[in-house]
2 protein chains.
Amino acid sequence: MAATIHDVARLAGVAISTVSKVMSDSPRISALTKNRVREAMQQLNYHPSRHARGLARNCTETLGVLMPLRRNSAFQNPYVFEILCGIERHCASQHYSVMLLDAEALASKPKAVQQLVAERKVDGVILHADLHAPQLIRQFTALALPFVVIGRQPGHHSWVDVDNVHAGEIATAHLLAQGYQHLQFIGNHLHDTISADRLQGFLRALESQHLQPCAPPLYAQAGHYAEGLGLWARLQQLPMRPDAIVVAGNPLAAGVMAAAQADGIRIGYELGIVSFDEYPYAEQTQPPLSVVDIDLFALGEQAAREWFLQWNKPTHCSQSLLLDQRLLVRASSSR
Amino acid sequence: MAATIHDVARLAGVAISTVSKVMSDSPRISALTKNRVREAMQQLNYHPSRHARGLARNCTETLGVLMPLRRNSAFQNPYVFEILCGIERHCASQHYSVMLLDAEALASKPKAVQQLVAERKVDGVILHADLHAPQLIRQFTALALPFVVIGRQPGHHSWVDVDNVHAGEIATAHLLAQGYQHLQFIGNHLHDTISADRLQGFLRALESQHLQPCAPPLYAQAGHYAEGLGLWARLQQLPMRPDAIVVAGNPLAAGVMAAAQADGIRIGYELGIVSFDEYPYAEQTQPPLSVVDIDLFALGEQAAREWFLQWNKPTHCSQSLLLDQRLLVRASSSR
DNA sequence: TTGTACGCGTTATCAC
DNA sequence: GTGATAACGCGTACAA
């Protein structure tokens with residue numbers, strides 16, 4: 001079997017407590033013995049048992065991530081898995097492990113969360129601001145389990161989110177800089193908070209140039225590609241036709257673009273289009289779509305970073321927006 | 001803090017060893033005391049500490065899953081995350097947790113695998129048959145860590161895989177049943193084993209009807225949408241033009257279809273097309289694409305099931321193909 | 001500066 | 001049937 005702390009101690013000719021102190025790099029151990037002990041560890045390929053350590057220190061060095069883990073989740077919602085990758089990356093840098101947890105399972109059985117902390121499976125969790133969130137947040141708070149929410153969420157707790165307002169500004173400012181003048185906004189659907197934020201940024205960017213939107217925003221029902229056709233038709237009926245559009249959703253933008261092209265409009269000349277997110281369509285449309293891209297991997301890293309701040313200082317609480325977004329200029333908006 | 005076995009014992013008026021026996025449902029404990037103890041557990045909301053249990057039994061009730069966790073992994077490769085969901089589902093049913101592990105990190109640092117088992121982080125792992133696999137498999141075997149590979153992989157160890165040969169048969173048989181007669185195969189690229197398997201099924205299905213392929217298979221370079229145009233042009237130069245095509249990759253199929261339509265070909269009438277996987281394009285093409293769909297979630301579940309068989313009986317070793325595939329007939333192939 | 005001894009929460013092996 | 005008690009491997013006060 002694997003070597004234990006006793007084996008190391010014996011080989012190095014010291015007591016186990018000395019070995020333990022070397023591991024925590026205690027300043028009261030001579031450099032000489034430290035070296036001897038470390039060499040013994042190397043030789044025996046020693047790694048402390050996480051169970052024993054967890055038992056003694058009452059922590060797990062494991063962070064739970066609540067995810068939607070239904071069938072088709074990865075296809076319908078690759079975003080959260082991209083965030084997951086970022087979380088894992090940062091955790092690994094802190095020698096923490098990531099445990100996958102099914103958000104629905106946890107939310108549907110009220111005792112499940114209690115069990116999670118009673119079994120001491122994780123030191124804390126990261127969750128998404130979805131419909132289960134409010135209930136779960138209440139439970140985590142009650143059980144004093146440190147957590148970070150991905151996505152803005154009311155209440156006194158840490159969250160991180162993408163700054164969609166800023167993204168809207170970036171997109172709009174770019175179109176203006178390209179010389180487009182009559183700008184229109186299209187949202188995914190009326191009650192989509194992401195669309196709302198992007199609209200806000202759109203308006204702010206226009207305002208800063210003392211401009212007005214071409215017409216009130218239009219909205220799709222669900223943000224699907226196919227809806228783009230109908231929206232294009234509605235745009236044609238406006239008193240003042242836009243020469244550029246900021247579309248909140250990438251699939252919707254592809255649809256609008258296709259419909260416009262079917263009418264003989266040259267995208268990127270008569271009509272500029274900017275949308276958001278590289279995925280799923282941006283690079284594959286004809287012409288390629290300009291987008292403001294969001295670094296979800298970085299968002300995951302930041303969520304994890306935030307969690308560790310809180311773990312090390314339980315009173316810590318921060319609510320921060322990720323500003324790191326890059327505009328990818330492609331043919332759909334470059335005259 | 002959470003209740004311990006001592007608290008339960010005290011409340012039930014028994015010794016801790018009795019409580020432990022009740023947990024393992026020992027037959028030599030009277031039904032009466034069992035009930036008393038169980039009631040106490042309920043009342044105190046007791047759940048055994050996984051660290052203490054792990055220390056005593058030397059197992060972790062955790063399964064590691066090796067994944068590609070780079071930036072953009074979730075977008076480029078949602079398939080493995082779908083499999084991950086299936087793994088988690090089955091593990092949860094066995095009261096096991098899933099730990100996420102970065103395959104690259106593990107493969108790039110030779111000591112990382114040793115550390116994994118020395119720390120007793122996981123009872124075993126599931127990994128994908130990618131380029132790191134051979135090296136990792138060697139290490140896991142040497143360290144006697146139970147593992148299951150997703151994807152066929154030479155050697156004496158358990159793996160599960162999708163039966164791509166069978167999928168190719170299904171696709172081809174469907175086209176023949178629709179009355180198409182001159183069938184052509186297009187692969188993603190020459191050295192893609194998945195394409196090779198699908199081709200084998202294609203040939204087998206033709207053979208069983210005493211038919212020949214229209215021409216030798218064609219191959220793309222990478223399987224991208226854009227390559228479809230060039231392939232369509234090459235098809236036009238064949239001495240005998242196919243009236244139906246089995247395309248190994250879904251994006252490629254969408255490209256070929258678009259190119260054919262640009263030439264005025266009516267898809268589903270003059271030309272039948274069948275491809276594989278629902279994702280990313282199948283339902284969104286014009287017309288919708290017929291595909292043989294693979295249940296990756298089920299594949300994940302089966303991999304986990306396989307792992308538990310091996311965990312419970314270390315000599316167990318099975319190499320099995322998932323047959324569970326369904327043909328989704330859409331307009332691209334239905335006359 | 002180093003070593004001893006106990007506690008962490010459980011399982012398993014014995015006695016009774 | 002039930003109850004002591006010794007592991008399991010590590011952290012840590014306290015003693016030396």
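Residue numbers start from 1 in every chain, and the chains themselves are labelled A, B, ... in the order their sequence lines are given, proteins ahead of strands. The structure presented is a predicted model; accordingly, all values stated were derived computationally and were not measured.
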For the pair Asp7(B) (side chain) and Thr4(B) (backbone), establish whether a donor and an acceptor sit closer than 3.5 Å, ignoring hydrogens and angles. yes

Presence of salt bridge, Asp295(B) and Arg71(A), under 4.0 angstrom: yes

Do the ring centers of His90(B) and Tyr96(B) come within less than 6.0 Å of each other? no

Any carboxylate oxygen within less than 4.0 angstrom of a Lys/Arg side-chain nitrogen, looking at Arg38(A) and Asp25(A)? yes

Atom CZ of Arg53(B) and atom C1' of dA12(C) are separated, to the nearest Å, by 13 Å

Base, sugar-phosphate alone, or nothing: which one does Ser30(A) contact when heavy atoms must sit under 4.0 Å apart? sugar-phosphate

Hey, does the side chain of Thr18(A) come within less than 4.0 Å of dT2(C)'s phosphate (OP1/OP2), counting only N and O? no

Have a look at Thr4(A) and say if it touches a base, only the backbone sugar-phosphate, or nothing, with a 4.0 Å heavy-atom cut-off. sugar-phosphate

Atom CZ of Arg10(B) to atom P of dG9(C): distance rounded to whole Å? 12 Å

Give a yes or no on whether the ring-centroid distance for Phe75(B) and Tyr79(A) is below 6.0 angstrom. yes

Expressed as a whole number of angstroms, how long is the span from Asn35(A):CG to dT2(C):P? 12 Å

Distance, rounded to the nearest Å, where Arg57(A) contributes CZ and dT12(D) contributes C1': 12 Å

At under 4.0 Å between heavy atoms, what does Ser26(B) touch on the DNA or RNA strands: base, sugar-phosphate, or nothing? nothing

Short side-chain N/O contact to dC10(D) OP1/OP2 from Ser20(A), under 4.0 Å: no

How is Val14(A) classified with respect to the nucleic acid when contacts are heavy atoms under 4.0 Å: base, sugar-phosphate, or nothing? sugar-phosphate

Any idea which of dT2(D), dT11(C), dG11(D) is nearest the Ile29(B) side chain? dT2(D)

For the pair made of CG in Leu32(B) and C1' in dT2(D), what is the distance, rounded to whole Å? 13 Å

With sugar-phosphate meaning primed atoms plus P, OP1 and OP2, does His51(A) contact a base, only sugar-phosphate, or nothing at under 4.0 Å between heavy atoms? nothing

Return no unless some side-chain N or O of Ser17(B) is found under 4.0 Å from OP1 or OP2 of dT11(C). no

If each of Ser24(A) and Arg28(B) is mapped to the nucleotide of DNA chain D with the nearest heavy atom, which maps nearer the 5' terminus, i.e. the 5' end? Arg28(B)

Closer to the 5' end of DNA chain D via nearest nucleotide, is it Leu55(B) or Ala15(B)? Ala15(B)

Using a 4.0 Å heavy-atom cut-off across all strands, classify Ser49(B) as base, sugar-phosphate, or nothing. sugar-phosphate

For atom CZ of Arg120(A) and atom P of dT10(C), their distance in whole Å: 7 Å

Starting at NE2 of His6(A) and ending at P of dC10(D), how long is that distance when rounded to a whole Å? 8 Å

In whole angstroms, the gap separating P of dC14(C) from NZ of Lys21(B) amounts to 13 Å

